[in-house]
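Notes follow once the structure below has been shown.
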Protein chains: 2
Amino acid sequence: MAETPEANVFSRTCPSRSVLLHLTGRWGCLVVTALAEGSLRFGDIRRRIEGISDRMLSQTLSQLERDGIVSRTVRCQLPPHVEYSLTALGKKIEPALDSLISLVEDNLPAVEKARKAYDDTHSRV
Amino acid sequence: MAETPEANVFSRTCPSRSVLLHLTGRWGCLVVTALAEGSLRFGDIRRRIEGISDRMLSQTLSQLERDGIVSRTVRCQLPPHVEYSLTALGKKIEPALDSLISLVEDNLPAVEKARKAYDDTHSRV
């Protein structure tokens, strides 16, 4: 039996790298975290994530749906509507993104101090 | 005393969003994780992260240095050389990225199954 090579995001050809990119990328992390609390409609997600365009949200949702992280459900009611939610796999991955976001938010003062120091040093030529 | 608004990555104007983007983005996540084991020189990082260009690595390192996540040290020896490592803040954030990468790698078979199912459905027009 052929051995399945282990997934390795550091390898150029491993498909896990594209999954990582969809989850992080420009918007993936925010979309997955926005869905943590339950199903949302397209417009709800767009309002939650300030600054995302319809095109980028739609592309991000399709990538995450294809990766099996987000599911898309058409509700047959009047008027019919579409809802997005995390799959079981999405729910498994979401906490890691949530921890990352909390760390970034909680440590923002330290980052801003570092940025100021960096800019002061690098403008002094 | 003016109240400091809480950091919120969902807000368009909050600087925490750019920090998140530098950490995730196309390469940030891989660079930070590559430095988890200790200091590395530029060429070491480039070899570790297959497919990254000199230009992208250099830009990613500068962004992370400015954010106070990576530090750059010039070793005054012959020949002199430059080393990159995680700061205390970088070490605090790295485990969240490492968890994310492990989740992505470990769940790759589920993602590949989902992709196949998605492609089968979406090509059947």
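Only this structure's heavy atoms are used, side chains among them; waters, hydrogens and symmetry mates stay out. As the structure is a prediction and not an experimental result, all values here were calculated from the model. All chains are named by letter (A, B, ...) in the order of the sequence lines, taking the proteins before the strands, and each is independently numbered beginning at 1.
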Item checked: Between A:Leu23, A:Ile101, A:Leu30, A:Asn8, the one whose heavy-atom pairs under 4.5 Å with chain B are most numerous -> A:Leu30

Check: Quick one: of B:Ser99, B:Ala110, B:Ser11, who has the most non-hydrogen atom pairs under 4.5 Å with chain A?
Finding: B:Ser11

Next item on the list: Only counting residues at least two apart or in another chain, list the ones meeting side chain to side chain contact (heavy atoms under 4.5 Å, CB included) with B:Gln77.
Entry: B:Arg75, B:His81

Next item on the list: Return the option, out of A:Glu65, A:Glu112, A:Lys116, with the maximum number of heavy-atom pairs under 4.5 Å with chain B.
Entry: A:Glu65

Next item on the list: Before giving the answer on side-chain contact (heavy atoms from CB on, under 4.5 Å), spell out for B:Leu108 and B:Lys113 the whole-Å C-alpha distance, their side-chain angles and the decisive distance to 0.1 Å.
Entry: CA-CA 9 Å; B:Leu108 186 60; B:Lys113 208 174 139 193; over 6 Å; no

Item checked: Contacting moiety of A:Ala117, where chain B heavy atoms sit under 4.5 Å -> neither

Note to self: Please rank A:Thr13, A:Val9, A:Asp98, A:Leu103 by heavy-atom pairs under 4.5 Å with chain B and give me the top one.
What the structure shows: A:Val9

Note to self: So, taking the atom named CG in A:Leu21 and the one named OG in A:Ser16, what distance separates them when rounded to the nearest 0.5 Å?
What the structure shows: 11.5 Å

Item checked: Proximity breakdown for A:Phe10 and chain B, heavy-atom pairs closer than 4.5 Å -> both

Next item on the list: Would you please name every residue forming a salt bridge (charged side-chain N to carboxylate O under 4.0 Å, His left out) with A:Arg26, sequence neighbours left out?
Entry: none

Sequence neighbours left out, cut at 3.5 Å: what donor-acceptor pairs do the side chains of residues 85-95 of chain A make with other protein atoms?
residue	atom	partner	partner atom	Å
A:Ser85	OG	A:Ser71	OG	3.3
A:Thr87	OG1	A:Gly68	O	2.6
A:Thr87	OG1	A:Ile69	O	3.2
A:Thr87	OG1	A:Leu89	N	3.3
A:Thr87	OG1	A:Gly90	N	3.0
A:Lys92	NZ	B:Asn107	OD1	3.1

Note to self: Quick check on the structure: residues of residues 41-57 of chain B within a heavy-atom distance below 4.5 Å of chain A, by number.
What the structure shows: B:Arg48, B:Ile49, B:Glu50, B:Gly51

Next item on the list: Looking only at non-hydrogen atoms, find the nearest pair between B:Leu97 and B:Cys29 and report the distance.
Entry: CD2-SG, 3.7 Å

Notebook entry, point to check: What distance do B:Arg115 atom CZ and B:His122 atom NE2 have between them, rounded to the nearest 0.5 Å?
Noted result: 14.0 Å

Notebook entry, point to check: Can you name the nearest heavy-atom pair linking A:Ala34 to A:Leu40, along with the distance?
Noted result: O-CD1, 3.5 Å

Notebook entry, point to check: Any donor-acceptor pair under 3.5 Å linking the side chain of B:Ser123 with the backbone of B:Asp120?
Noted result: yes

Next item on the list: Go through the atoms of A:Leu20 and report whether side chain, backbone, both or neither lie under 4.5 Å from a heavy atom of chain B.
Entry: both

